[in-house]
Amino acid sequence: MIDLRTLRDDPDRLRASQRARGEDDSIVDALLSLDERRRAALTSFESLRAEQKSIGKSVSRASGDERQALLDRAKDLAAQVKAAEAASEQLGGELDELIMTVPNIVEEGAPHGGEDDYVVLEEVGTPRAFDFTPRDHLELGERLGAIDMERGAKVSGSRFFFLRGVGARLQLGLLNMAMQQAIEAGFTPMITPVLVKPESMQGTGFTIAHDSEIYQLPEDDLYLVGTSEVPLAAYHADEILDQSSLPSRYAGWSSCFRREAGSYGKDTRGIIRVHQFDKVEMFSFCHPEESAEEHRRLLAWEKEMLDKVELPYRVIDTAAGDLGMSAARKFDCEAWIPSQGRYRELTSTSNCTQFQSRRLKVRYRDDEGRPQHVATLNGTLATTRWIVAILENHQQADGSVVVPKALRPFVGLDVLEPLK
RNA sequence: GGAGGUUUCGCCUAGUCCGGUCUAUGGCGCCGCACUGCUAAUGCGGUUUGGGUCUUAAGCCCAUCCGGGGUUCAAAUCCCCGAACCUCCGCCA
């Protein structure tokens, strides 16, 4: 949620941000006008209410005719107060509803435009030159007995799979290595709920009503998370944190669930795009003034992981139109996928500034003792999708796969060998 | 799934039976000041959160006693619905 005060003081900032995203900036005027009308209604309600209270008090002191006269007047006022309150609540509700649809204000420096207008910040490593025709991750995974899509489909439907044998070991090793790195960096490891209440989902910036990506359990009014960012963001909801505890960093391990509605025909092969996968996610609550630095730190930890698994990748600065609801800035790391001859996203780190904390009411006390909203950031340390890049980039002509050195102690194998 | 209990401004707590004097009591903690060789102790004052008004500040005002709704001129207090926690019973991994 954006800040109403900032909006009043500097509406042009939001206008510029909306244009950078390629979205309608007329919403700014709608917000300003609604805000003004709501404040007028609120003031009128409050002064009526003040009068009602003071008359109410004198009722208890008066007696006889005087009391009756006051009672009549109070009755009349009570009706007026009720009407004024309803009017103010009506406008307040409209304003809340509207402001909840406004995406975060884009950070200065983020590229303008849509999906294809990203800026490549860095390329690390070079795609390997194969002296044989590289197999894709599914063929490798099947030969290794690591990935079973067919039975995934039999048991649960399309875009579901089993990781088995060395596949299961590879994922466990990878995610454990991510956890290990996070712990060494001072993160608190977390295993989170994957079903959350609507307010946790919405507080994090997902719109339950319109987001067809979310699995819903209407019977229980619970929602399956697409990332542990959701439970981690909501973890400190309605709390005022001690300023000295910032930045407060958590590493969450969870399964993630995505309906992938509207992506029919896209990435249908293998485990690139699936309904359920596992992920280790970094999450940081930090001082708003430090969020840009913290964002760079999260990016550095992502790169450290990518270096450990010895993958060629590039870092992109996502364009404003592709940031989503909550992010003010987003950096993705994309690894080279030999079978596709292109880079695919393996990590994504977002600076959500105070957007989520304002919705979730996560605050800290500033030096004057006043509560202020913290900044929240998130970033990927490892996911199931990494297996795709690891298998393909480290494959050998015979279909075996060399486990990156840093990963070996976690997987317990140096080379993954095809089944006989 | 059923029965009962609990929920008050950081923590603990009074108030709820019997509506107005609750502008919510007291203790702890915290902050400031005073006193004091130092520390401690003591005394005094402050200390929920959000919002409106206001150039700023002060001040004033509104809301806030788990959440929502209702009764009433008036609700922490009465009624209804819900949530969380605790105890017991049932059922099931």
Side-chain angles (χ1 to χ4, degrees), chain A residues 1-11 31-100 191-203 208 217-223 231 234-246 248 285 288 354-374:
Chain A
M1 191 161 69
I2 58 157
D3 183 22
L4 255 184
R5 278 176 219 266
T6 308
L7 178 71
R8 277 177 217 153
D9 294 346
D10 190 3
L31 282 167
L32 287 173
S33 130
L34 197 50
D35 173 49
E36 208 173 311
R37 284 187 291 142
R38 196 215 51 157
R39 276 184 296 150
L42 189 62
T43 304
S44 134
F45 155 69
E46 284 182 351
S47 59
L48 281 167
R49 176 73 177 144
E51 197 184 345
Q52 185 199 24
K53 280 174 71 170
S54 84
I55 287 183
K57 247 167 238 173
S58 52
V59 166
S60 58
R61 287 194 294 268
S63 55
D65 289 349
E66 194 192 349
R67 184 186 165 90
Q68 192 52 53
L70 282 170
L71 266 179
D72 290 345
R73 179 122 176 267
K75 242 176 207 173
D76 186 43
L77 257 178
Q80 288 184 52
V81 166
K82 207 166 191 173
E85 185 174 23
S88 151
E89 272 174 4
Q90 165 76 26
L91 287 167
E94 284 176 31
L95 181 61
D96 289 347
E97 209 172 293
L98 189 62
I99 203 164
M100 287 294 266
I191 292 168
T192 72
V194 292
L195 283 168
V196 299
K197 297 185 191 181
E199 55 263 41
S200 302
M201 202 52 118
Q202 273 164 328
I208 287 162
L217 282 78
E219 199 82 346
D220 300 284
D221 202 17
L222 287 171
Y223 302 82
Y235 183 67
H236 284 305
D238 297 314
E239 292 181 28
I240 299 179
L241 306 177
D242 193 337
Q243 191 174 181
S244 65
S245 71
L246 304 179
S248 204
F285 299 89
Q354 295 169 300
F355 187 86
Q356 294 175 329
S357 65
R358 216 170 267 124
R359 292 177 167 221
L360 291 164
K361 299 190 179 65
V362 186
R363 291 169 293 174
Y364 70 98
R365 236 173 253 288
D366 67 14
D367 295 332
E368 267 88 59
R370 277 188 298 256
Q372 304 285 355
H373 292 99
V374 301

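Labels below follow one simple rule: chain letters A, B, ... track the order of the sequence lines, proteins then strands, and each chain is numbered from 1. Nothing here was measured: the structure is a model prediction, and the numbers come from that model.
- Between A:R5 and B:G52 there is a side-chain N or O to OP1 or OP2 distance below 4.0 Å.
- For B:U7, the paired nucleotide is B:A83, the pair qualifying as Watson-Crick or G-U wobble because both relevant distances are below 3.5 Å.
- Contact check, A:R39 against B:G51: no side-chain N or O comes under 4.0 Å of OP1 or OP2.
- For A:R365, no side-chain nitrogen or oxygen approaches OP1 or OP2 of B:G10 to under 4.0 Å.
- Rounded to the nearest Å, the gap between the C1' atom of B:G67 and that of B:G52 is 24 Å.
- Using a 4.5 Å cut-off on side-chain heavy atoms (C-beta onward), A:R39 and A:R8 make contact.
- Taking the side chain of A:P371 as heavy atoms from C-beta on, and the options B:A75, B:U71, B:G50, the nearest nucleotide is B:G50.
- No donor-acceptor pair closer than 3.5 Å links the side chain of A:E239 to the backbone N or O of A:V362.
- Between A:G56 and A:T43, it is A:G56 whose nearest contact on RNA chain B lies nearer the 5' terminus.
- The same atom, C1', is picked in B:G26 and in B:U87; the two are 30 Å apart, to the nearest Å.
- Summarising the geometry, the separation between NZ on A:K361 and P on B:G50 is reported as 10 Å, rounded to the nearest angstrom.
- Between the P atom of B:U49 and the OH atom of A:Y364 lies a distance of 15 Å, rounded to the nearest Å.
- Pairing for B:U72 is absent, judged as Watson-Crick or G-U wobble with the two contacts each under 3.5 Å.
- Rounded to an integer number of Å, the gap from A:R37 CZ to B:G52 C1' is 18 Å.
- In this structure, A:L42 places its CG atom 15 Å from C1' of B:C60, rounding to the nearest Å.
- As judged by a 4.0 angstrom heavy-atom cut-off over every strand, A:R358 is placed among residues making no nucleic acid contact.
- Rounded to whole Å, the distance from CE on A:M1 to P on B:G51 is 10 Å.
- Note that NE2 of A:H373 is 9.5 Å distant from CG of A:L360, once rounded to the nearest 0.5 Å.
- We find that A:R73 and A:E51 are joined by a salt bridge, their nearest charged nitrogen and carboxylate oxygen being less than 4.0 Å apart.
- Between A:R73 and B:C73 there is no side-chain N or O to OP1 or OP2 distance below 4.0 Å.
- Look at CG on A:D9: it is 12 Å from C1' on B:U55, rounded to the nearest Å.
- Of the nucleotides present, B:C44 is the one that pairs with B:G32 by Watson-Crick or G-U wobble criteria, both distances under 3.5 Å.
- Pair assignment for B:A58 gives none, since no Watson-Crick or G-U wobble pairing has each distance under 3.5 Å.
- For the pair A:R359 (side chain) and A:M100 (backbone), a donor-acceptor distance under 3.5 Å is present.
- The separation of B:A14 from B:C54, taken at their C1' atoms, amounts to 38 Å, rounded to a whole angstrom.
- At B:G50, one or more side-chain N or O atoms of A:R363 fall inside 4.0 Å of OP1 or OP2 (strictly under the cut-off).
- Nucleotides B:G20 and B:C35, compared at atom C1', are 44 Å apart to the nearest Å.
- Summarising the base pairing, B:G37 is matched to no nucleotide, lacking a Watson-Crick or G-U wobble pair whose two defining distances lie under 3.5 Å.
- Scanning all heavy atoms of the two residues, the minimum distance from A:P11 to A:L32 falls at CB-CD1, 4.0 Å.
- In this structure, B:G1 forms a base pair with B:C89, meeting either the Watson-Crick or the G-U wobble geometry with both donor-acceptor distances under 3.5 Å.
- Figure legend. B:A24 is base-paired to no nucleotide; pairs are counted as Watson-Crick or G-U wobble with both atom distances under 3.5 Å.
- Using C1' as the reference atom, B:C85 and B:G29 are 25 Å apart when rounded to the nearest Å.
- Annotation: of the two residues near RNA chain B, A:A78 and A:I240, the 5′-most nearest-nucleotide partner is A:I240.
- Residues A:P288 and A:Y364 have side chains in contact (heavy-atom distance under 4.5 Å, counting atoms from C-beta outward).
- In this model, the phosphate group of B:A63 is approached by a side-chain N or O of A:K53 to a distance below 4.0 Å at OP1 or OP2.
- Taking only side-chain atoms of A:K75, from C-beta outward, the nucleotide of B:A63, B:G52, B:C73 with the closest atom is B:C73.
- Taking atom P on both B:U23 and B:A74, the two are 15 Å apart, rounded to the nearest angstrom.
- Comparing B:G10 with B:G46, their C1' atoms are spaced 15 Å from each other, to the whole Å.
- Residue A:Q52 places no side-chain N or O under 4.0 Å from the OP1 or OP2 atom of B:C73.
- A gap of 28 Å separates the P atoms of B:U7 and B:U72, to the nearest Å.
- Protein atom CD of A:E46 is 16 Å distant from nucleotide atom P of B:G50, rounded to whole Å.
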